[in-house]
2 protein chains.
Amino acid sequence: MSTETPTIGRPRAFDEEAVLDRAAEVFWRHGYEGASMTALTSAMGINRPSLYATFGSKEQLFERAFARYRETQLANVRAALDRPTAYAAIEAFLRSSADGLTAGDHPLGCLSIQGGLACSPENARISEVLAAGRAANEAVVEERLSRAAREGDLPPGVDHRALARFVMALSEGFAVHAASGTSREDLQASVNVALRALVPSQS
Amino acid sequence: MSTETPTIGRPRAFDEEAVLDRAAEVFWRHGYEGASMTALTSAMGINRPSLYATFGSKEQLFERAFARYRETQLANVRAALDRPTAYAAIEAFLRSSADGLTAGDHPLGCLSIQGGLACSPENARISEVLAAGRAANEAVVEERLSRAAREGDLPPGVDHRALARFVMALSEGFAVHAASGTSREDLQASVNVALRALVPSQS
DNA sequence: GACATTTTGTACCGCTCGGTTACGAAAGCT
DNA sequence: AGCTTTCGTAACCGAGCGGTACAAAATGTC
């Protein structure tokens with residue numbers, strides 16, 4: 001592959017990881033199909049032949065960029081869920097979601113959703129890759145809640161799988177909202193509402 | 001416009017409303033940019049010149065199709081919210097969402113989201129139209145909850161705007177989930193979880 | 001029945017885009 | 001100097017969108 005660093009020949013004029021992040025931003029903003037090769041190469045600061053020589057194709061470029069995005073996203077999810085109680089874990093997850101979806105250092109919303117929920121039949125694989133990423137996140141949440149269920153750390157009568165799905169769905173809805181301009185504060189206010197579902201007794 | 005029925009000349013071989021519904025399904029399944037003119041005309045059962053003569057452009061076709069979709073969607077939302085209490089209204093809204101998003105007579109998920117959250121710069125208007133439709137739905141929910149707040153029909157300390165946003169975000173997340181294959185039963189199980197946020201005292 | 005009007009089907013054009021390759025120049029190592 | 005690799009420019013192909021020309025077909029009107 002192109003991961004090893006060849007010591008011979010003309011060296012690369014760009015950092016592979018850095019241009020992947022630039023590519024991710026373009027996909028994030030315009031979606032897979034809405035991201036033109038011209039926009040991609042322009043944002044990445046490289047020419048088309050360099051892109052094809054390095055990444056192979058638009059689809060492979062997307063997968064590499066998305067994989068990188070997933071790394072940091074997954075790290076954030078795990079960090080948020082690393083709280084002593086289910087309530088604290090869910091709250092941290094939702095609050096960090098709301099913050100991340102409205103951060104200023106990258107496009108609004110979430111690449112897993114902006115990337116392309118619906119695609120032309122030729123690009124159906126893109127939707128599948130994105131859906132798999134979201135499902136993996138949900139699995140991580142569910143695992144945390146499964147532990148909470150074993151520890152008796154969930155309100156009585158709560159199905160932990162349904163709760164994980166609820167939390168993920170809410171986060172996805174926040175992503176949709178954030179992409180259309182809903183503010184961080186407004187999202188956090190809705191987190192407050194959502195957390196009531198986790199309180200066993202009244203507020 | 002093309003809405004009046006001319007009594008002279010060769011009559012139309014297709015029903016305008018019917019082909020709009022077919023077009024909506026294609027946009028729903030593949031998104032605006034992923035829907036090729038060939039796929040559209042093929043599904044609509046008409047030829048390209050007929051499409052352009054009747055609807056003007058791909059964008060205008062989408063707006064007409066989306067407007068029709070919105071009509072029935074809005075009617076469903078209003079019908080669901082027409083319940084005596086805020087709790088019953090929200091429950092009906094979420095349950096009918098979960099059902100509608102997984103119905104068998106049309107694509108999975110929701111056109112407002114599948115249509116194109118992110119688009120190329122040329123098609124930015126599409127994303128805006130879709131976002132406006134979602135915002136209109138949220139406004140309807142908020143209006144219902146605003147009434148509930150005036151009637152003292154909400155749990156104490158709940159911001160009705162944040163609650164409306166919470167409900168809409170959850171419904172949007174359900175749409176994302178449904179489009180990637182989550183079953184109706186699984187969505188309804190998460191509705192059960194969400195409704196806990198509306199119960200003032202313990203379960 | 002002749003005529004005007006409108007739609008239909010087929011074909012075509014211009015343009016852009018995605019995907020890809022060719023080729024010579026440039027930059028490094030041995 | 002020679003080898004290797006990358007860079008930048010340029011071009012090519014097929015497909016899609018947008019739009020149109022033209023003749024055939026179908027209807028109402030005179």
Side-chain angles (χ1 to χ4, degrees), chain A residues 1-19 23 26-27 29-65 115-116 118-126, chain B residues 1-19 23 26-27 29-65 115-116 118-126:
Chain A
M1 293 296 287
S2 50
T3 48
E4 64 262 20
T5 316
T7 171
I8 204 165
R10 178 172 174 172
R12 276 236 175 92
F14 59 90
D15 178 32
E16 207 166 298
E17 313 286 287
V19 299
V26 178
F27 286 128
R29 221 178 285 277
H30 301 304
Y32 178 76
E33 295 183 329
S36 74
M37 294 304 293
T38 304
L40 285 165
T41 52
S42 170
M44 297 164 80
I46 66 176
N47 293 99
R48 279 162 96 122
S50 297
L51 189 153
Y52 276 93
T54 309
F55 302 105
S57 68
K58 186 184 185 184
E59 179 174 333
Q60 287 177 291
L61 170 67
F62 177 83
E63 294 192 8
R64 289 282 309 274
C119 284
S120 69
E122 307 92 73
N123 297 321
R125 178 171 165 69
I126 300 296
Chain B
M1 293 297 284
S2 52
T3 47
E4 65 259 21
T5 316
T7 172
I8 205 164
R10 179 170 173 172
R12 267 222 185 105
F14 58 91
D15 177 33
E16 202 165 309
E17 313 287 285
V19 299
V26 177
F27 287 127
R29 220 178 286 277
H30 302 303
Y32 178 78
E33 296 184 328
S36 73
M37 293 304 291
T38 304
L40 286 166
T41 53
S42 169
M44 296 164 81
I46 66 176
N47 293 99
R48 279 162 95 123
S50 296
L51 190 153
Y52 277 93
T54 309
F55 302 106
S57 69
K58 188 184 184 184
E59 179 175 333
Q60 287 176 290
L61 170 67
F62 177 83
E63 294 191 8
R64 289 283 307 274
C119 284
S120 68
E122 307 92 73
N123 298 321
R125 178 170 165 69
I126 301 297

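Please read these numbers as outputs of a predicted model, since none were measured by experiment.
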Participant: Rounded to whole angstroms, how far apart are CG on L51(A) and C1' on dC7(D)?
Facilitator: 13 Å
Participant: Provide, to the nearest angstrom, the distance between the CG atom belonging to D15(B) and the P atom belonging to dT7(C).
Facilitator: 15 Å
Participant: Check the distance between dA27(C)'s P and F14(A)'s CZ and give it to me in whole angstrom.
Facilitator: 16 Å
Participant: Distance-only, no hydrogens or angles: does the T54(A) side chain make a donor-acceptor pair with backbone N or O of L51(A) under 3.5 Å?
Facilitator: no
Participant: Test side chain to side chain contact (heavy atoms under 4.5 Å, CB included) on F14(B) and M44(B); report intermediate values, then the result.
Facilitator: CA-CA 9 Å; F14(B) 58 91; M44(B) 296 164 81; over 6 Å; no
Participant: Report for the helix from dG1(C)-dC30(D) to dT30(C)-dA1(D): angle between first-end and last-end helix axes, five pairs each, rounded to 10 degrees.
Facilitator: 0°
Participant: Could you state the atom-to-atom distance from CZ of F55(B) to P of dG18(D) in whole Å?
Facilitator: 15 Å
Participant: Under the side chain to side chain donor-acceptor pair (under 3.5 Å) rule, collect the residues that match up with R48(B), sequence neighbours excluded.
Facilitator: none
Participant: Restricting to non-hydrogen atoms, name the atom on Q60(A) and the atom on S57(A) that form the minimum distance, rounded to 0.1 Å.
Facilitator: N-OG, 3.1 Å
Participant: Determine, step by step, whether V19(B) and F55(B) satisfy the side chain to side chain contact (heavy atoms under 4.5 Å, CB included) criterion, reporting the C-alpha distance in whole Å, the side-chain angles of both residues, the deciding distance to 0.1 Å, and the verdict.
Facilitator: CA-CA 11 Å; V19(B) 299; F55(B) 302 106; 3.9 Å; yes
Participant: Return the value, rounded to whole Å, for the distance between atom CZ of R12(B) and atom P of dG28(D).
Facilitator: 16 Å
Participant: Taking OP1 and OP2 of dG9(C), is either one under 4.0 Å from a side-chain nitrogen or oxygen of N47(B)?
Facilitator: yes
Participant: Who pairs with S42(B) by side chain to side chain contact (heavy atoms under 4.5 Å, CB included), at least two apart in sequence or on another chain?
Facilitator: none
Participant: Taking only distance into account, with no hydrogens and no angle test, what donor-acceptor pairs under 3.5 Å do side-chain atoms of residues 118-125 of chain A form with protein atoms, sequence neighbours excluded?
Facilitator:
{"residue": "S120(A)", "atom": "OG", "partner": "E33(A)", "partner atom": "OE2", "Å": "2.8"}
{"residue": "S120(A)", "atom": "OG", "partner": "E122(A)", "partner atom": "OE1", "Å": "3.4"}
{"residue": "S120(A)", "atom": "OG", "partner": "N123(A)", "partner atom": "ND2", "Å": "3.4"}
{"residue": "N123(A)", "atom": "ND2", "partner": "E33(A)", "partner atom": "OE2", "Å": "2.8"}
{"residue": "R125(A)", "atom": "NE", "partner": "E59(A)", "partner atom": "OE2", "Å": "3.0"}
{"residue": "R125(A)", "atom": "NE", "partner": "E63(A)", "partner atom": "OE2", "Å": "2.8"}
{"residue": "R125(A)", "atom": "NH2", "partner": "E63(A)", "partner atom": "OE1", "Å": "3.4"}
{"residue": "R125(A)", "atom": "NH2", "partner": "E63(A)", "partner atom": "OE2", "Å": "3.0"}

Participant: Sequence neighbours excluded, which residues qualify as side chain to side chain contact (heavy atoms under 4.5 Å, CB included) partners of A43(A)?
Facilitator: V26(A)
Participant: Quick check: on DNA chain C, is the nucleotide nearest P11(B) upstream (toward 5') of the one nearest P49(B), or the reverse? Name the residue that is more 5'.
Facilitator: P11(B)
Participant: Fit a plane to each ring of F27(B) and Y32(B), take the angle between them on a 0 to 90° scale, and name the class: parallel (under 30°), tilted (30 to 60°) or perpendicular (over 60°).
Facilitator: parallel
Participant: Whole angstroms only, please: what is the CZ-P distance between F62(B) and dC17(D)?
Facilitator: 15 Å
Participant: Separation of I46(B) atom CD1 from dT10(C) atom C1', in whole Å?
Facilitator: 15 Å
Participant: Give the rounded distance in Å between these two atoms: CD of Q60(B) and P of dC17(D).
Facilitator: 16 Å
Participant: Classify every nucleotide of nucleotides 12-19 of chain C by which part a protein heavy atom approaches to under 4.0 Å, writing B for the base, S for the sugar-phosphate alone and - for neither, in 5'-to-3' order.
Facilitator: ------BB
